[in-house]
Amino acid sequence: MTRDLETMCGIFAAVSDKPVAHILLEGLKRLEYRGYDSAGIAMLDDHKLKRVCAVGKVTELESRMDSEAFPGCIGIAHTRWATHGSPSEANSHPHMADGVAVVHNGIVENHGELRRRLKRQGCSFLSETDSEVIPWLISRAVAGGAGAANAVRSLSDDLEGSYAVAVLTEADGDVLHAKRHGSPLVAALGPLGGYLSSDISALAGFADEAIVLDDGDQVELRRDAIAVFDKSGRAVTRPRMTVEAVGNDFDKGGYPHYMLKEIHDQPGVARAIESRYDAGDFIAEQVTLDFNRIDRIRMIACGTSYYACQVARRWFAEVAGLSADVELASEHRYEPVVADGLREAAILVSQSGETADTLASLDKLKGLRVPTVGIVNQQGSTLAREADFFLPLLAGKEIGVASTKAFLAQLLVLARLVAHAADQRGHRAAAKRLRTALVAAPKAIEAALHNESAIVAVAESLAKAQSALFVGRGALYPLAMEGALKLKEISYIHAEGFAAGELKHGPIALVDDKTPIVALAPSGDLFPKLASNLREIAARNGRIILLGDRKALLALSDIASASLTLPSCDELIQPIVAAVPLQFLAYYVAVARGLDIDRPRNLAKSVTVE
Ligand code: AGP
């Protein structure tokens with residue numbers, strides 16, 4: 001499988017007996033969170049294909065469409081995240097060739113060779129993309145007498161790489177054709193017609209159920225019928241998944257940005273997790289692993305999800321007496337395998353469930369016959385479907401590129417998995433302490449939200465900095481790294497997270513009166529050590545922004561240039577509570593700098609390229 005070559009593009013398509021232009025635009029808006037730099041639509045109008053594209057936002061595409069009529073009842077749409085060729089109108093999808101329009105998610109590895117062949121046959125290319133060979137391959141096959149369905153089927157003879165395609169032809173104008181190999185695609189039928197989408201959640205409100213296509217599947221979608229064929233061309237019935245109602249997920253709920261709304265969603269997420277996970281023995285039903293027969297946990301993830309695993313690594317050791325390694329998926333996938341005879345289970349954590357590196361790690365672990373637990377937010381995603389065991393994050397749709405509520409949900413679910421493992425391994429007192437701490441979590445998260453206005457003032461001064469350092473110890477060291485990641489990804493201020501005890505080994509050279517140092521310093525076992533580290537910073541004129549409970553803030557009041565209060569809680573759940581002010585801090589710094597918070601430059605929500 002060539003998962004690692006997928007792109008972050010989004011596909012949405014619709015066929016109805018009513019005009020679909022507004023549906024296509026709505027679908028694209030729902031896919032915006034994936035990250036993109038241009039968008040486009042092709043529709044049939046009076047049996048003729050009509051294409052409109054725009055660089056930049058979907059709203060730009062929408063305003064272009066306002067000036068012309070788009071009455072068609074069938075169309076394909078696309079958000080493009082540039083890989084081959086810069087973001088430009090010519091490189092935007094749909095690509096067209098002689099009565100065929102195609103939107104593509106993936107990478108055609110052998111596009112150079114195919115392009116040369118097609119050029120020799122007289123085809124002319126308008127873009128620099130790998131994708132443009134696809135409409136030409138289809139139109140050549142149609143011209144040679146193949147029907148549209150067979151022409152799409154024959155793509156697998158020519159294309160190397162990964163693809164999900166939606167195809168609209170003038171010759172077969174009532175049908176949307178689609179095919180999937182490596183890149184995700186779902187198909188659905190609703191009261192108004194048929195739909196294709198890269199992401200099941202974009203179908204909410206349009207259809208109640210969707211079919212997640214298997215690799216090699218091809219679809220013929222009409223206004224009132226859906227037919228799926230496997231890679232050998234046999235008609236097949238695939239299981240249907242419920243399209244979860246998104247509630248107000250696509251609505252900003254009165255907040256100026258999704259990120260701020262999602263930060264405020266967090267107490268609700270904590271309660272949703274509580275009611276699903278704590279009512280019965282949900283984890284025991286979902287994960288039938290015996291943690292007594294496991295010598296080591298291997299946790300794999302990227303970015304923010306990786307930092308959640310770093311926190312859980314300490315919980316596994318401290319609460320369940322189980323050693324755990326945490327690896328970045330991008331490294332793990334290429335690491336040499338050492339057969340040390342230890343019995344392992346792997347936990348893969350991902351908001352999207354489509355991160356290419358994490359999926360490559362999943363494949364590797366499956367090859368090694370290591371049992372895998374997927375902890376995933378995105379319903380119907382590849383990781384959720386393909387891991388041996390699945391635990392849902394229940395955070396609801398996360399749209400802001402900067403992960404907030406999914407991170408918190410990862411910590412809350414991982415903590416419950418640790419408590420379950422601890423119980424199985426006979427560490428009952430420690431498991432009980434963690435469970436009791438978790439009961440207090442929703443209220444503590446709510447209390448942390450009350451600090452918002454105090455954070456705004458601190459953020460305004462931080463917004464002027466060129467660089468910032470974040471420090472913490474123990475389970476708060478990963479939070480220091482997460483705080484720094486949040487800040488850099490949406491404010492573009494250089495930021496690094498350090499274990500406070502490491503400062504003397506190099507990073508303290510960065511300390512001066514211009515570089516703010518955000519210190520995670522609540523009371524606890526490691527507080528005296530951290531306090532000494534902070535005094536060393538203060539002695540070098542460091543500007544300390546202190547995050548701690550009242551007792552800690554009092555103890556360090558003489559060296560703090562600003563203080564933010566964390567609610568008191570059991571030390572075990574301090575990382576959960578500390579996440580909230582770090583999210584606010586990054587958010588309000590980006591607000592002060594006037595940046596595009598939900599769609600920061602160069603980033604995509606779901607990183608489906610290696
Ligand atoms: C988080 O704010 C980032 N946008 C990013 O680091 C993200 O956590 C990472 O890409 C992993 O994504 P996943 O959880 O969907 O696998």
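Ligands are counted one by one from 1 in listed order, and the atoms in each one are counted from 1 as well.
Residues meeting the ring-ring contact (aromatic ring centres under 6.0 Å, His included) test with Y588, sequence neighbours left out: none.
Sorted by chain and number, the heavy-atom contacts of ligand 1 below 4.0 Å come from C302, G303, T304, S305, S350, Q351, S352, T355, V401, A402, S403, L485, K486, E489, V607.
Between the side chains of S92 and S38, a donor-acceptor pair is found at a separation under 3.5 Å.
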Got a list of side-chain donor-acceptor pairs under 3.5 Å for residues 309-316, not counting sequence neighbours?
unit_1	atom_1	unit_2	atom_2	d
Q310	NE2	Y306	OH	2.9
W315	NE1	L572	O	3.0

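Remark: R593 is not positioned above the aromatic ring of Y492, lacking an NZ or CZ atom under 6.0 angstrom from the ring centre and at most 45 degrees off the axis. Cation-pi contact between K179 and Y163: absent, since separation from the ring centre below 6.0 Å together with deviation from the ring axis within 45° is not met.
Applying the salt bridge (charged side-chain N to carboxylate O under 4.0 Å, His left out) test to residues at least two apart or on different chains, the pairs with a partner in residues 487-496 are K486-E489, K488-E496.
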